[in-house]
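Inspection log for the structure reproduced underneath, given as structure tokens.
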Amino acid sequence: MVDSRETSDRESETKVVGVRRLKEAMAKPASTRIFTVANQKGGVGKTTTTVNIAAALSMGGLRVLVVDLDPQGNASTALGVPHRDIEGIYDVLMGSAQIGSVIQKVAGFPALDCVPSNSSLANAEVNLVSMVARELRLKEAIDEISPNYDYIFIDCPPSLGLLTINALAAARELLIPIQTEYYALEGLSQLLETYGVVKKRLNANLDLSTIVLTMFDGRTRLSNDVAANVRAHFPKELIDIPIPRAVRVSEAPSYNQTVMTYDPLSPGAIAYMQVAREIAERGKPKNALDVDFDSNVVNINYKRDGEIA
């Protein structure tokens, strides 16, 4: 007979209680949405965008998984999951572990999980070269567990190597964070070229669905010019809610948190929450009933052409 106290102890160790929930749930998608978050330019907010949108969707009652595909492991750090010397996504790609065995719960969220990176992932680019169907290793793994989630986000390294190719082959949607700085659009053409090749040869179901503006400073002409440029070229893909350059967003990972728990009322957290809700609204079934939501959000205004902030 099993001691009930032992059972309760085991349950308390594994059960993660969500401490942050929204009053109004976010819309569930018709099927699992798998996003690759990519931009080969470093420092544009890929990881920050990944973990905060994932956290916000989980707070909205959705089941979310973050796959940390960056050898630096920053997404794992921001979500507060151990990742240094344990099995992670590298072991899954190499075939030495099943993806289900390396998934970790993220404390403090209703239904947020993470597949961590580890230091060995830096060797993946070399070790994948000799493998059969090397571009599809991640897809095969994610297909095993995708029915368990409403959203899966793959955080990519700042390159267009085999790890990013694996992410693009595994996803159904591409999310590009674009920093509102001078070089923001310079490397975008190369990423779009890679996207086109992957869509043609590896993953016909991949669509560029979402663009998010990051590190926005409405006081500068440069940020407004970049925003206007992106708005003109990608009117359907752009979520026109820029993420402000904010200290709280940058501080949160140092406390192993997303800004959603670190400072949920900060401008950065509010902006990411708005972006997450827009993503959820775009993905809900076409016949879903519209649900009004009052989040007491203060709009983050910025100049459009001919307007004064």
Side-chain angles (χ1 to χ4, degrees), residues 14-16 28-38 47 50-51 53-55 57-58 61-71 73 75-76 79 81-83 85-107 109-125 127-157 161-175 198-199 201-207 209 279-280 283 285:
T14 58
K15 186 177 180 182
V16 176
K28 289 178 69 69
S31 60
T32 305
R33 299 181 70 188
I34 305 174
F35 283 87
T36 282
V37 184
T47 298
T50 300
V51 298
I53 290 177
L57 290 168
S58 178
L62 302 176
R63 301 165 300 164
V64 186
L65 174 69
V66 173
V67 179
D68 188 354
L69 204 61
D70 189 341
S76 304
L79 294 174
V81 300
H83 63 97
D85 300 310
I86 61 173
E87 287 188 331
I89 192 61
Y90 173 78
D91 305 278
V92 174
L93 293 174
M94 295 299 109
S96 60
Q98 296 293 315
I99 191 168
S101 68
V102 301
I103 292 175
Q104 297 189 44
K105 289 286 186 184
V106 178
F109 289 91
L112 179 58
D113 295 343
C114 177
V115 176
S117 169
N118 56 31
S119 57
S120 300
L121 191 58
N123 302 320
E125 295 279 358
N127 294 340
L128 281 170
V129 170
S130 60
M131 291 189 170
V132 176
R134 59 193 181 188
E135 300 92 350
L136 302 176
R137 306 285 291 190
L138 183 61
K139 174 179 171 54
E140 293 169 357
I142 285 181
D143 284 347
E144 296 177 15
I145 48 87
S146 61
N148 301 331
Y149 296 95
D150 298 306
Y151 283 86
I152 298 175
F153 290 92
I154 308 170
D155 183 37
C156 292
L162 271 174
L163 288 176
T164 300
I165 297 299
N166 262 266
L168 292 171
R172 297 169 188 167
E173 301 181 53
L174 172 60
L175 187 159
V198 171
K199 184 175 177 67
R201 300 186 182 278
L202 292 174
N203 185 3
N205 296 321
L206 180 64
D207 290 313
S209 65
I279 288 174

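In this model, a donor atom of one side chain and an acceptor atom of the other lie less than 3.5 Å apart for Arg33 and Tyr151.
A donor-acceptor pair is defined here as one N or O able to donate and one able to accept, closer than 3.5 Å; such a pair exists between the side chain of Asp150 and the backbone of Arg63. In this structure, the side chain of Asn127 does not engage the main chain of Ala124 through any donor-acceptor pair within 3.5 Å. A side-chain donor-acceptor contact under 3.5 Å links Thr32 to the backbone of Tyr149. In terms of modelled atom types and a separation under 3.5 Å, the side chain of Lys105 and the main chain of Asp113 share no donor-acceptor contact. Put simply, the side chain of Gln104 gets close to the backbone of Pro82: a donor and an acceptor are under 3.5 Å apart. Arg134 places no side-chain N or O within donor-acceptor distance of the main-chain N or O of Leu128, the cut-off being under 3.5 Å.
To the nearest 0.5 Å, atoms CG (Leu174) and CZ (Phe35) are separated by 9.5 Å. Going from atom OG of Ser96 over to atom OH of Tyr90 covers 7.5 Å, rounded to the nearest 0.5 Å. Rounding to the nearest 0.5 Å places CG of Asp70 at 8.5 Å from SG of Cys156. Residue Ser146 holds its OG atom at 9.5 Å from CD1 of Ile99, rounded to the nearest 0.5 Å.
Annotation: side chain of Leu168 is not in contact with side chain of Asn203 (no heavy-atom distance under 4.5 Å). Between Leu138 and Ile89 there is a side-chain heavy-atom pair separated by less than 4.5 Å. With contacts defined as side-chain heavy-atom distances shorter than 4.5 Å, the pair Arg137/Met94 does not qualify. Looking only at side-chain heavy atoms (C-beta outward), Asn118 and Ile86 stay at 4.5 Å or farther from each other. Residues Val115 and Ile145 form no side-chain contact, since every pair of their non-hydrogen atoms from C-beta on lies 4.5 Å or further apart. Within the 4.5 Å cutoff, the side chain of Ile154 has heavy atoms near those of the Ile142 side chain.
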Test side-chain contact (heavy atoms from CB on, under 4.5 Å) on Leu62 and Lys28; report intermediate values, then the result. CA-CA 7 Å; Leu62 302 176; Lys28 289 178 69 69; 3.4 Å; yes

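Residues Leu69 and Leu163 approach most closely at CD2-O, 3.1 Å, considering heavy atoms. Listed here is the closest heavy atom pair of Leu121 and Asp68: CD2-O, 4.1 Å. Pairing each heavy atom of Glu87 with each of Ser101, the nearest pair is OE1-OG, 4.5 Å. Closest heavy-atom contact between Ser31 and Arg172: OG-NH1, 4.4 Å. Shown here for Pro116 and Val81, the closest heavy-atom pair between the two residues is CB-CG2, 4.4 Å.
Val132 pairs by the side-chain contact (heavy atoms from CB on, under 4.5 Å) definition with nothing, not counting sequence neighbours. Partners of Ala171 by side-chain contact (heavy atoms from CB on, under 4.5 Å), not counting sequence neighbours, listed by chain and number: Ile34, Thr36, Leu206.
Counted within 6.0 Å of CD on Glu144, heavy atoms from surrounding residues, nucleotides or ligands total more than 12; the atom is thus considered enclosed.
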